[in-house]
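Numbering starts at 1 and runs along the sequence shown.
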Amino acid sequence: MFSASSASAAPSGTTGAPPGRGIRRPVAALLISGLVAAAALVGAGPAAADDPGRHHGGAAAVLDGLKTFDSAVLRVEGKDGAPDRTQELPAGLFEMTVDGGGKLKTYCIDLHNPTQDQARYLETPWAETSLSTNRDAGKIRWILQHSYPQVDDLAALAEAAGTGPLTERTAAAGTQVAIWRYSDDADVSASDKQAEKLADWLHRNARNTKEPRASLTLEPAAVSGRAGERLGPVTVRTAADQVSVSPPVDAAASGVKVTDEKGAPVTAAADGDRLYFAVPKDTADGTASLTAQATTSVPVGRALVGTGRTQTQILAGSSESTVSARAGATWTEQGAAPALTARKNCAAGGVDITAANRGDAPFTFELAGTEHTIAAGATRTVTVPVAEDQAYDFTITGPGFARTFTGVLDCATSGSVLERAGAGDAGNDIGTQSAQQSVPATTGSTTSGPAVDLAATGGSSATPMLAAVAIGLLVVGGGAVFLLRRKAPHANGE
């Protein structure tokens, strides 16, 4: 099995939105907001921090590059009488460095998108990726569990698959090829004969298995209520033996504590434990958050999605790694008391914004010209339609807080829905995309693999495509950048 020593744990930088972020945007600024979102999409890269509201918990990591690989051949059927086209590309294992310590090994499940240099990745539920609508997603996990590097006895793997001798390179290539056949429905084969036999065996024998649980999450990620009460519960979900729990950073001054259901202070927890925010009576309306952190192996089959536009990955192996999650609380003296969360919904083609109102008055906000009201004591989810590859930026204000949710909807495996610049030009060997954009790019030095030139397929290769997306967003006037704001109960026609 894959293993590596982990560095000393440190808090991950993947946290929720700070209170007060995101002032109300006038409608007249919509076009400018669209330009800003488009520019953010083009500029999203290695230096970008994890956006608030995007990480539901687990590992956060930086891509180190394609490390163990061999070659494969992708075939694309010609259209309108044109001949079939082929493209040679590398196939194998990537590696990532986890924030706070640890290493991950991953395979690509997004063949037609390039990677970005030092791209940041977040552990993500399948529902927020292309796997959400892929009936064969469970077969991909079966392949991961029954091949390299989970099966690191290559002689035994070769005997089981009837391939003949395998190396780390050919085992990785054969595994990646089998995964692409299910993740991208790709007509792809390994160049090496033994690797191709492995790919065929894995593809033929794969069976659907369940999505693995997250390495660490807090459910729900937001709670609300009245000062003087314990707000919660927030339930810990993890495979780790123990989780450290950190109280709000201003706990000493505010008096807000993290407790169990009996009111005893909590600094450590385990799977299934329930946590509460104890807010002193007469505390001014406000917010607080707690952070949970653990060291554990991330389960094989967890998806990893970039914070910018980069190739989606799936976990093949993990060392002991630092994982973290955050939950927030909102309280008011009277009136509405909303708790807000957001998740991508790939099946519905949008972002689900869930509001739970634990106050004694309705909570009303406006979204894309439509007013939504959450009754006292009720919970409601509103799905905001967002186009594939489009940036979104939602801000909801309430009593004593503002929550902002940003990101890019990346649910398809075929890259941007926009036409690629240069499609059909001479030398474009795979039809809808340039050859350089198609290969899963290395973002660092390789440790083993064929003598192929991958330098041109790294971070800069996606720039033309992202520029096209940015122009498209600008043309539609920032169509995916919506204004959300809490409306006063007496407001009319704002």
By side chain to side chain donor-acceptor pair (under 3.5 Å), T381 pairs with (sequence neighbours left out) T354
Close side-chain approach of Y121 to L63, heavy-atom, < 4.5 Å:
yes
Nearest heavy-atom approach of F277 to V256 is CD2-CG1, 4.3 Å
Closest non-hydrogen contact found for F363 with G398 is CE1-CA, 4.3 Å
For C108 and F94 the tightest heavy-atom approach is CB-CE1, 4.3 Å
**Prompt:** Given side chains that start at C-beta, do those of R309 and D410 come closer than 4.5 Å, heavy atoms only?
**Reply:** yes
So, the side chain of Q150 versus the backbone of A316: is there a donor-acceptor pair under 3.5 Å, distance only? yes
Original post:
Does the D152 side chain pair with the main chain of P149, one donor and one acceptor, at a distance under 3.5 Å?
Top reply: no
Heavy-atom distance under 4.5 Å between the side chains of L111 and T413, does that happen here?
no
In terms of heavy-atom contacts, C346 and E128 come closest through SG-C, 3.3 Å
Do side-chain atoms of D389 reach the backbone of V408 as a donor and acceptor pair under 3.5 angstrom? no
Item checked: Donor-acceptor side-chain pairing of Q311 and Q313 below 3.5 angstrom -> yes
In short, D360 meets A376 closest at the heavy-atom pair C-CB, 3.7 Å
Problem set entry | Donor-acceptor pair, side chain of N113 and main chain of T310, under 3.5 angstrom | no
Across all chains, not counting sequence neighbours, the salt bridge (charged side-chain N to carboxylate O under 4.0 Å, His left out) partners of E219 are R237
Would you say the side chain of R141 lies within less than 4.5 Å of the side chain of E211, judging by non-hydrogen atoms?
no
Rounded to the nearest 0.5 Å, the CZ atom of R358 sits from the CG atom of L231 at a distance of 11.0 Å
Query raised in the report: So W142 and H146, would you call those rings parallel, tilted or perpendicular, with 30° and 60° as cut-offs?
Result: parallel
ask   = Does a side-chain heavy-atom distance below 4.5 Å link L275 with D260?
value = no
Item checked: No-hydrogen, no-angle side-chain donor-acceptor test under 3.5 Å, S297 and E320 -> yes
>> For H203, is there any backbone N or O sitting under 3.5 Å from a side-chain donor or acceptor partner on Y182?
In response: yes
Distance col, row E388:CD vs S130:OG, nearest 0.5 angstrom, shows 9.0 Å
Mark yes when over 12 heavy atoms from residues, nucleotides or ligands other than E261 sit less than 6.0 Å from its CD; otherwise mark no. no
Problem - Test item: S321 side-chain N/O and V98 main-chain N/O as donor-acceptor pair under 3.5 Å - result: no
